[in-house]
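Working notes for the structure below.
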Amino acid sequence: MSYTVDVFSIRMAERRVRIQFLVFVRMLRGIFSLVALTTGSGISSMAHDLHFRAIVVDTHDDTTQRLVFDHFDLAARHADGSIDIPRMRDGGVDAVFFSVWTPGTVTGPEAVRRAIDQIRAIRQQVVLHQGDLVLATVAQDVRRARVGGRIAVFMGVEGGHMINSDLGTLRGYASLGVRYMTLTHTVNDEWADASTDEPAHNGLTDFGKLVIREMNRLGMMVDISHVSDKTFYDALSASQAPLIASHSSCRALCDAPRNLTDEMITALAGKGGVIQISFHVGFLSQKFRDAQQIHPELRTQIAAESKRRCGENEACQVIETEKLTRELVAQGKLPRVDWTEIVDHIDHAVKLVGADHVGLGSDFDGASMPYGMEDASHLPKITEALQAKGYSEVGIEKILGGNTLRLIQDVEAIAKKMEGTAE
Ligand SMILES: [Zn+2]
């Protein structure tokens, strides 16, 4: 009896071990299949494949300030800021527009001198890192760069004050490779009103309209980020080519004067233009903006402290501002803004005008980024989020960069048509 019981219990124990082993094998299989479905960055392999198959273009990065002020090495991976070659590679970036910027209060020959210094700094980086970067001036350059495994680098001048009211200077920038100009920065310039200043010109002056005609002729995109609503509509009717908003979001979701109203987005799209959604927390989140307005002293405090830490070093100021902003978020004084709000803005614009007129203009290294989008390596998350919303692969590819390439080509076609017309 006892022998029988022993044999029985041994068999039962063996069975239990067998079952446990099978459960373990099934668990392992589950883990392996999960690993197959997700990538190192944590996004699904479907999103990863689509993102890295698509041409990804970011139309506004302020990294140039780091090149000028910090002798920044683009090839090294950095722990701060948002852009360097390794992190652009991680984020699948195929083309980037580096911004050439001086504050609107710096005018005249000094603004021109600084712009040329920055153009030189960008061009130097391209020469220094020839294996990774290539200077781009036409849409086809992006496709060629991709075949060669390199990132295409475009340049955009952010602020019309940098031409010092001189079309010759504008032509000079174009011949150095600049492919867009933002008509103003935060303050009015000599010929156009900005969205964050008191109107002085009722939009664009006659000279401003000449600037636009010359930009059309030179094949430079007319960038209406930062301009007043009236300047936007004046530019829209003056330009023969479609316009770009290189880094603007939707005013319907966040009531910043720098963002575009639904009416403006519709008008922009109606003429073939593209709104490139900015990731800046103050343009994404109404909650953040409200908190800033209720407590203006926080902004002053951040500005004063970053100036104390950095002096006139604009690159350092941006990075310190971001750190100080996050400290205030941690203390509960400012609301936390998550990267998913970028997707909300994309979705709003797409619902309004379709997937053909929306793109990405991060403002990396020039603004405060939301949680989860600290640097370019996080960009594939946007692809995954759009897939989860049910966007088609074709639609996502257009938003990631296809629309920008089409816009650049359209601007090139207008320039070709105007070839030989008087300067
Ligand atoms: Zn800007």
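Numbers for residues simply follow the sequence, beginning at 1.
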(request) Report yes or no: is the cationic atom of Arg179 (NZ for Lys, CZ for Arg) under 6.0 Å from the centre of the six-membered ring of Phe154, at an angle within 45° of the ring normal? (result) no
(request) Could you tell me whether the side chains of Asp375 and Ser82 share a donor-acceptor contact shorter than 3.5 Å? (result) no
(message) With a 6.0 Å cut-off (strictly less than), is the heavy-atom count around CZ of Arg146, excluding the residue itself, greater than 12?
(response) yes
(request) Give a yes or no on whether the backbone of Gln65 and the side-chain of Gln118 come within a donor-acceptor separation of less than 3.5 Å. (result) no
(message) Can you give me the closest heavy-atom contact between Asn202 and Lys230, atom names plus distance?
(response) O-NZ, 3.3 Å
(message) When you compare the side chains of Asn216 and Arg213, does any donor N or O come within less than 3.5 Å of an acceptor on the partner?
(response) no
(request) Taking atom types as modelled, find out whether Glu158 and His60 have a side-chain donor-acceptor pair closer than 3.5 angstrom. (result) yes
(message) I'd like to know if the side chain of Glu320 reaches the main chain of Arg309, judged simply by a donor and an acceptor atom lying under 3.5 Å from each other, with no hydrogens or angles considered.
(response) no
(message) Treating Glu374 as the side-chain partner and Gly372 as the backbone partner, does any N or O pair qualify as donor plus acceptor under 3.5 Å?
(response) yes
(message) With a 3.5 Å distance limit and no angle check, can you tell me whether Thr266 reaches the backbone of Asp262 through a side-chain donor-acceptor pair?
(response) yes
(message) I'd like to know if Lys416 pairs up with Glu412 as an ion pair, taking the criterion as any Lys NZ or Arg NE/NH1/NH2 lying under 4.0 Å from an Asp or Glu carboxylate oxygen.
(response) no
(message) Between Gln292 and Arg289, do the side chains contain a donor N or O and an acceptor N or O under 3.5 Å apart?
(response) no
(request) For atom CD of Glu312, decide whether the heavy atoms of other residues, nucleotides or ligands shown that lie under 6.0 angstrom number more than 12. (result) no
(message) Is a donor from one side chain sitting under 3.5 angstrom from an acceptor on the other, for Arg258 and Thr196?
(response) no
(message) I need the minimum non-hydrogen distance between Asp255 and Gln286, along with the two atoms involved.
(response) N-OE1, 2.6 Å
(message) Minimum heavy-atom separation for Ala245 and Ile224, please, with both atom names.
(response) CB-CD1, 3.5 Å
(message) If we count only N and O atoms by modelled type, under 3.5 Å, do the side chains of Glu341 and His345 hold a donor and an acceptor together?
(response) no
(message) What verdict does the salt bridge (charged side-chain N to carboxylate O under 4.0 Å, His left out) test give for Asp73 and Arg66, after you've listed the backbone C-alpha separation in whole Å, the side-chain angles of each residue and the deciding distance to 0.1 Å?
(response) CA-CA 9 Å; Asp73 180 7; Arg66 303 196 84 183; over 6 Å; no
(request) Return yes if some donor-acceptor pair links the side-chain N/O of Glu214 with the main-chain N/O of Val211 below 3.5 Å, else return no. (result) no
(message) Ignoring hydrogens, what is the shortest heavy-atom contact between Ala315 and Phe69? Give both atom names and the distance.
(response) N-CD1, 4.1 Å
(message) Which heavy atom of Ala241 sits nearest to which heavy atom of Val411, and what is that distance?
(response) CB-CG2, 4.1 Å
(message) Salt bridge or not between Arg89 and Asp132? Use side-chain N to carboxylate O under 4.0 Å.
(response) yes
(message) Checking Ser362 against Asp58: is there a side-chain donor and acceptor pair closer than 3.5 Å?
(response) yes
(message) Checking side-chain polar atoms at under 3.5 Å, does Asp70 have a donor or acceptor matched by the opposite partner on Asn313?
(response) yes
(message) When you measure from the centre of the six-membered ring of Tyr371, is the NZ or CZ of Arg326 closer than 6.0 Å and no more than 45° off the axis?
(response) yes
(request) Answer yes or no: is there an ion pair linking Glu327 with Lys323, defined by an N-O contact shorter than 4.0 Å? (result) no
(request) Return yes if a side-chain donor-acceptor contact under 3.5 Å exists between Thr184 and Asp189, otherwise no. (result) no
(request) For Glu263, look at atom CD and say whether over 12 heavy atoms of other residues, nucleotides or ligands are found less than 6.0 Å away. (result) no
(request) Return yes when atom CD of Glu297 has more than 12 non-hydrogen atoms of other residues, nucleotides or ligands closer than 6.0 Å, and no otherwise. (result) yes
(message) Do Asp61 and Thr63 pair up side chain to side chain, a donor and an acceptor below 3.5 Å, judged on atom types alone?
(response) no
(request) Can you label the angle between the His226 ring and the His247 ring as parallel, tilted or perpendicular, going by 30° and 60°? (result) perpendicular
(message) One thing to verify: whether Arg77 and Asp90 come together as a salt bridge, which I'm taking to mean a side-chain N less than 4.0 angstrom from a carboxylate O.
(response) yes
(request) Verify the distance criterion only: is there a donor paired with an acceptor across the side chains of Asp363 and His280 at less than 3.5 Å? (result) no
(message) If we ignore hydrogens and angles and just use 3.5 Å, is the side chain of Asn188 paired with the main-chain N or O of Asp193 as donor and acceptor?
(response) no
(request) Walk me through it: do Cys250 and Asn259 pass the test side chain to side chain contact (heavy atoms under 4.5 Å, CB included)? (result) CA-CA 5 Å; Cys250 306; Asn259 284 343; 5.8 Å; no
(message) Is it the case that the side chain of Glu384 and the backbone of Ser44 share a donor-acceptor pair, with hydrogens and angles ignored and the cut-off at 3.5 Å?
(response) yes
(request) May I ask you to check whether Trp101 and His185 show a side-chain donor-acceptor distance below 3.5 Å? (result) yes
(request) Indicate yes or no for a side-chain donor-acceptor contact from Asp166 to the backbone of Gly168 under 3.5 Å, with no hydrogens or angles considered. (result) yes
(message) If I compare all heavy atoms of Arg87 with all of His78, which pair ends up nearest, and what's the gap?
(response) CZ-O, 3.2 Å
(request) Verify whether one side chain among Ser248 and Ser225 offers a donor that lies under 3.5 Å from an acceptor in the other. (result) yes
(message) Could you check whether Asp234 pairs with Lys209 (Lys NZ or Arg NE/NH1/NH2 to Asp/Glu carboxylate O, under 4.0 Å)?
(response) no
(message) Is it the case that the side chain of Asp141 and the backbone of Val138 share a donor-acceptor pair, with hydrogens and angles ignored and the cut-off at 3.5 Å?
(response) yes
(message) Pairing donors with acceptors under 3.5 angstrom, does anything connect the side chains of His161 and Thr102?
(response) yes
